[in-house]
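The next block holds one structure in the form of structure tokens; read it before the comments.
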Amino acid sequence: MTAIAVTIAGSDSGGGAGIQADLKTFSALGVYGASVITALTAQNTLGVQGVCDTPPDFVTAQIDSVFSDLPVNAVKIGMLSHSDAIRAVADGLRRHAPQHGMRPVVLDPVMVATSGDRLINEDAVATLRQTLLPLATLLTPNMPEAAALLGEAVATSDAELEQQGARLLALGPRAVLVKGGHGTGPESTDVLVTAHRVQRFSATRIHTRNTHGTGCTLSSAIAALMAKGATLEAAVAGGKAYLTEALAAADQLQIGGGHGPVHHFAGLWR
């Protein structure tokens, strides 16, 4: 049977992040992708020029449309810019849980675009913490996002990164992956924190300006692999390997004049 994943996120008109990056990732990894669009962005490699939020009742309508027809195997959640949208997504997931049973939910707390443009309202951060974190199988913040969710300074050491992951775990998700892409050094190390153990996943740090959509890509890759039946640990390892390959090939695309996208189909064409 075909594995199905749904992305609940914003649309990136430039094609490098958001819904577009998620669907490319799902396809590259052999998973059928469906979508629930929470916002439209006027966006390119240079920045975000505008945001148009989807009305909460239409977010609800999209969720009901997808989940009433498709046997969804995994969910990836990305950009949710305001509290009403967050509550609509949480209500929808709870409403459809009886029909679909427990499915992996990968929550990427998108707060700031690669260009530096903010993508979530301040008051929505508290709603995200209280409403969606307890529904997440895996929370995937980068270092600044982890700090923002906790109201703390950005971690400056592996020990602080692990401690922040543990504090985020206490807020309700079943696992937390704090991403190390904003760190320094020859390797990029992500820290996976669960109730039972702490694991580190490292890869050679790729030096490129074309990093647009990296967070979206990693979280959707993990969701896609879990939709196909991979364990959490195997999905994190596979997702990181996929992203590393996409980053390594990113400069070949030569898209736009700013932070270009990663190469989602590097394993298929160059």
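Keep in mind the model is a prediction, meaning the values are calculated, not measured. Just so you know, residue 1 is the first one in the sequence shown, and it goes up from there.
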* Do side-chain atoms of N44 reach the backbone of G47 as a donor and acceptor pair under 3.5 angstrom? -> yes

* Asked: Shortest non-hydrogen contact from F26 to S220?
  -> CE2-O, 3.3 Å

* Structure fact -> When every non-hydrogen atom of A88 is compared with those of V59, the smallest separation belongs to CB-CG1, 4.2 Å

* Look at atom OH of Y32 and say whether more than 12 heavy atoms of other residues, nucleotides or ligands are closer to it than 6.0 Å. => no

* **Check: S65 main-chain N/O paired with S68 side-chain donor or acceptor under 3.5 Å** => yes

* Asked: So, do M143 and K179 sit near enough that their side-chain heavy atoms are less than 4.5 Å apart?
  -> no

* Closest heavy-atom contact between A203 and T244? -> CB-OG1, 3.5 Å

* Side chains of V6 and K76 in contact at under 4.5 Å (non-hydrogen atoms) -> no

* To do: Go through the steps to decide whether T214 and L243 satisfy the test side chain to side chain contact (heavy atoms under 4.5 Å, CB included), and finish with yes or no.
  => CA-CA 7 Å; T214 50; L243 175 59; 4.2 Å; yes

* Structure fact -> In short, L161 meets V178 closest at the heavy-atom pair CD1-CG1, 3.5 Å

* Closest heavy-atom pair and its distance - T38, G10 -> OG1-N, 3.4 Å

* Any sub-3.5 Å donor-acceptor pair from T45's side-chain atoms to G260's backbone N or O? -> no

* **Over all atoms of both residues, closest heavy-atom pair of Q20 and S11** => NE2-OG, 3.0 Å

* Asked: Is there a side-chain contact between H82 and P56 (heavy atoms, below 4.5 Å)?
  -> yes

* L133 side chain reached by L128 side chain, heavy atoms, under 4.5 Å -> yes

Return all side-chain donor-acceptor pairs below 3.5 angstrom for residues 221-237, not counting sequence neighbours, or 'none' if the list is empty.
| from | atom 1 | to | atom 2 | distance (Å) |
| --- | --- | --- | --- | --- |
| K228 | NZ | L29 | O | 2.9 |
| T231 | OG1 | A234 | N | 3.2 |

* Do the side chain of E145 and the main chain of N142 share a donor and acceptor less than 3.5 angstrom apart? -> yes

* To do: Spell out, as yes or no, whether a donor-acceptor pair under 3.5 Å connects the side chain of S35 to the backbone of I37.
  => no

* To do: Check whether any side-chain heavy atom of P109 sits under 4.5 Å from a side-chain heavy atom of L149, and report yes or no.
  => yes

* Of E160, Q164, Q163, the residue whose pairing with E152 passes side-chain contact (heavy atoms from CB on, under 4.5 Å) -> Q164

* Side chain to side chain, I63 and V36, heavy atoms closer than 4.5 Å -> yes

* Less than 4.0 Å between a side-chain N and a carboxylate O, is that true for R200 and D190? -> no

* Take H263 and N210 through the test side-chain hydrogen bond (donor to acceptor under 3.5 Å, both in side chains) and record every step on the way to the result. => CA-CA 9 Å; H263 195 336; N210 297 319; over 6 Å; no

* Criterion side-chain hydrogen bond (donor to acceptor under 3.5 Å, both in side chains) on Q43 and Q49, from CA distance to verdict -> CA-CA 6 Å; Q43 184 176 176; Q49 293 79 45; over 6 Å; no

* What is the ring orientation for H264 with Y242, classed by angle as parallel under 30°, tilted 30 to 60°, or perpendicular over 60°? -> tilted

* Asked: According to a 4.5 Å side-chain heavy-atom criterion applied to Ile, Leu, Val, Met, Phe, Trp and Tyr, with indirect links allowed, do I8 and L70 form part of one hydrophobic cluster?
  -> yes

* Of L168, L107, T140, which is the lone residue that meets side-chain contact (heavy atoms from CB on, under 4.5 Å) with V176? -> L168

* Side-chain heavy atoms of V106 within contact of V75, under 4.5 Å -> no

* Donor-acceptor under 3.5 Å (D12 side chain, G14 main chain) -> yes

* Should E187 and T204 be marked as a side-chain hydrogen bond (donor to acceptor under 3.5 Å, both in side chains) after you check the CA-CA gap, both sets of side-chain angles, and the distance that decides it? -> CA-CA 5 Å; E187 290 191 328; T204 300; 5.5 Å; no

* Side chain proximity check, L132 to I77, heavy atoms < 4.5 angstrom -> yes

* Could R209 and D251 be called an ion pair, given the rule that one side-chain N must be under 4.0 Å from one carboxylate O? -> no

